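Remember, it's a predicted structure, so these values are computed and weren't measured experimentally. Read the numbers this way: they start at 1 and go in the same order the structure lists the ligands and their atoms.
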Amino acid sequence: MKIKSQTAMILNMDKCIGCHTCSIPCKNVWTNRKGAEYMWFNNVECKPGIGYPKKWENQEIHRGGWHLKRGKLELKAGGRLHKGLNIFHNPDLPAIDEYYEPWSYDYERLISSPRRRHQPSIRPRSQLTGDHIKLRWGPNWEDDLAGLSETGSGDINFRRLEVSLFLQFRNVFMFYLPRLCEHCLNPACVASCPSGALYKRDEDGIVLVDQERCRGWRYCVSGCPYKKVYFNWKTGRAEKCIFCYPRTEAGLTTLCAHTCVGRIRYVGVFLYDADRIAAAASMISAAEVYPAHLDVLLDPNDGEVRKAAAADGISDNVMEAAVRSPVYRLAKLWRLALPLHPEYRTLPMVWYIPPLSPIRSHADQNRENDLIDRLRIPVTYLANLLTAGDEQPVRLALKRLSAVRQYMRTVRLDNKADTALMEEVGLTDDDAEQIYRLLALARYDERFVLPTATREHTGVYTDQGRCGFAESTG
Ligand code: SF4
Ligand code: SF4
């Protein structure tokens with residue numbers, strides 16, 4: 001057992017209102033520069049939809065992440081030989097049009113236009129060429145399902161969905177998916193880099209690009225299945241979400257989490273066993289990766305784990321933060337949060353609580369006895385998004401969320417606790433109160449539990465530049 005700590009985030013999709021407030025401070029602070037105009041380290045997508053860049057989830061097109069080849073874990077885009085042969089032309093790189101051509105407007109025209117009968121109008125101008133452009137695509141082009149009649153069928157999460165539901169999905173459901181780098185335990189971006197410029201920090205698992213070592217080969221861009229590394233055309237180097245490490249080192253949460261209007265984000269520490277990562281990422285069936293990923297995450301209250309963590313140099317304040325961690329309780333203890341596309345085998349560390357939704361009016365009460373089957377957002381769709389198609393973990397999370405709502409209603413309205421409701425979903429009354437508090441009322445210091453960086457970290461870690469585990473495969 002080799003214990004490490006990881007700063008991670010959980011997002012409650014049930015509460016995201018798609019306001020994009022999270023993206024704005026991130027943009028203003030980290031990518032408000034020449035060459036970075038098209039980059040959104042944090043973006044909010046509308047589901048169903050094909051997202052940003054277009055169809056990023058379809059790895060048959062983008063060839064990001066890992067797959068099993070003859071039982072061995074390999075980068076989907078191929079190893080060193082493939083990169084060597086294609087070093088001056090990476091065939092898997094998304095083109096700028098798949099992100100969008102960034103634009104601004106001639107605001108000056110509004111201010112200095114001479115007096116005339118009609119109000120002055122302004123035209124969009126490309127931030128790359130300076131020319132006027134016709135807008136055809138943007139980072140949230142599909143917002144609130146706009147344009148989905150053209151793009152909706154490209155959403156791969158419709159796999160195995162009933163045809164009738166697929167045909168009328170625009171009338172039936174939608175929700176928002178805020179996205180950022182997953183700071184994966186088995187990051188494909190790190191393994192893809194021929195220059196060794198990407199690395200996962202030992203002290204908190206944040207994945208960074210060393211700007212001095214980056215040579216602009218862009219294999220990290222195509223290797224990341226979440227398409228969360230970007231190429232800066234001005235500096236010729238790769239850039240990505242840094243999980244606001246100057247803030248987290250000071251015990252503050254990330255900008256996206258701090259500013260989130262819906263208070264949907266939770267940031268905290270996981271303790272994990274680095275020796276189990278390779279096995280978890282190599283599970284034969286993609287659906288087995290999520291349960292194996294859960295096994296990698298350790299209980300910070302377990303005496304043996306604490307002893308081993310101390311021996312591995314985990315400091316007391318990190319341990320204390322892991323014990324109070326909201327992310328551990330939501331992901332592992334209560335199984336309410338699930339990873340995004342575990343089938344990419346990168347073991348992502350930004351997880352999601354699936355959204356509940358209204359009951360469908362045309363639901364067949366006789367056939368669909370299970371409440372979860374009558375929700376507007378189909379379980380199959382959520383399972384394709386969060387658990388590689390395995391519906392059981394999604395059902396459990398939705399049932400638990402729904403049971404907590406009903407339980408709290410009985411407590412508030414009938415003045416009695418309906419313990420049976422919680423027993424049915426394998427939780428206690430105390431769990432229900434804690435879940436309700438965390439999801440509905442939690443203050444800043446309950447949602448964000450981060451240790452400050454300690455002096456003893458300096459110089460202790462010598463193997464930066466690797467994946468979350470000790471060997472670099474690629
Ligand atoms: S592979 Fe994982 S860690 Fe690397 S950029 Fe993509 S999401 Fe982030
Ligand atoms: S600020 Fe919060 S609620 Fe608004 S879009 Fe971002 S994640 Fe969703």
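Summarising the geometry, atom CH2 belonging to Trp217 is positioned 11.5 Å from atom CG belonging to Asn90; distances are rounded to the nearest 0.5 Å.
When only non-hydrogen protein atoms are considered, atom 8 (Fe) of ligand 2 lies nearest to Cys16 SG, 2.4 Å. Nearest protein neighbour of atom 6 (Fe) of ligand 1, counting heavy atoms only, is Cys224 SG, 2.2 Å. Protein heavy atom in closest approach to atom 1 (S) of ligand 2: Cys22 N, 3.3 Å. Closest to atom 7 (S) of ligand 1 among all protein heavy atoms lies Glu182 N, 3.2 Å. At the shortest separation from atom 2 (Fe) of ligand 2 among protein heavy atoms lies Cys260 SG, 2.4 Å. Remark: minimum distance from atom 3 (S) of ligand 1 to any protein heavy atom is reached at Cys184 N, 3.4 Å.
When non-hydrogen atoms are compared, ligand 2 lies under 4.0 Å from neither the backbone nor the side chain of Leu11. Residue contacts with ligand 1, taken as heavy atom pairs separated by less than 4.0 Å, do not involve Thr346 at all. Contacts of Val44 with ligand 2, taken as heavy-atom pairs under 4.0 Å, involve the side chain alone. Counting heavy atoms under 4.0 Å from ligand 2, residue Cys19 touches it through both backbone and side chain.
In this structure, Tyr381 and Phe173 have perpendicular ring planes: the angle between them is above 60°, well past the 30° mark. Ring planes of Trp351 and Phe270: tilted class, angle from 30 to 60°.
Between Arg265 and ligand 2 there is a heavy-atom distance shorter than 4.0 Å.
Close approach of ligand 1 to Cys181 (heavy-atom distance below 4.0 Å) involves ligand atoms 3 (S), 5 (S), 7 (S), 8 (Fe). For ligand 1 and Val229, the ligand atoms under 4.0 Å from any heavy atom of the residue are 5 (S). Heavy-atom contacts of Thr21 reach the following atoms of ligand 2: 1 (S) (cutoff under 4.0 Å). Near Ile264, with a cut-off below 4.0 Å to any heavy atom, the atoms of ligand 2 are 7 (S). Listed by number with element, the atoms of ligand 2 under 4.0 Å from a non-hydrogen atom of His20 are 4 (Fe), 5 (S). Of all atoms in ligand 1, numbered sequentially from 1 with element shown, those under 4.0 Å from a heavy atom of Tyr226 are 7 (S). Those atoms of ligand 2 with a heavy atom of Pro178 less than 4.0 angstrom away are 7 (S). Atom numbering of ligand 1 starts at 1 in the shown order; those under 4.0 Å from a heavy atom of Ala188 are 1 (S). Atoms of ligand 1 found under 4.0 Å from any heavy atom of His183 (numbered from 1 in listed order, with element): 3 (S), 8 (Fe). Close approach to Val261 involves these atoms of ligand 2, each under 4.0 Å from a residue heavy atom: 1 (S), 2 (Fe).
Under the 4.0 Å criterion applied to side-chain N and carboxylate O atoms, Asp202 and Lys4 are assigned as salt-bridge partners. Note on Asp275 versus Lys2: no salt bridge recorded, every NZ/NE/NH1/NH2 to OD/OE distance being 4.0 Å or above. Between Arg201 and Glu249 there is a salt bridge, since at least one side-chain N of the basic residue sits less than 4.0 Å from a carboxylate O of the acidic one. A salt bridge is defined here as a Lys NZ or Arg NE, NH1 or NH2 lying under 4.0 Å from an Asp or Glu carboxylate O, and Glu57 with Lys47 meets this definition. Lys234 has no carboxylate O lying under 4.0 Å from a charged side-chain N of Glu37, or vice versa, which leaves the two without a salt bridge. By the 4.0 Å N-to-carboxylate-O rule, Lys228 lies too far from Glu182 to be salt-bridged with it.
Looking at Ser5 and Glu203, their side chains never bring a donor and an acceptor atom within 3.5 Å of each other.
Heavy atoms from other residues, nucleotides or ligands lying under 6.0 Å from NZ of Lys27 number more than 12.
Of all non-hydrogen atoms in Ala383 and Val394, the two that sit nearest each other are CA-CG2, 3.8 Å. Residues Cys241 and Cys181 come closest through the heavy atom pair CB-CB, 3.7 Å.
Note on Cys189: counted as a metal contact of atom 4 (Fe) of ligand 1, an N/O/S atom lying under 2.8 Å.
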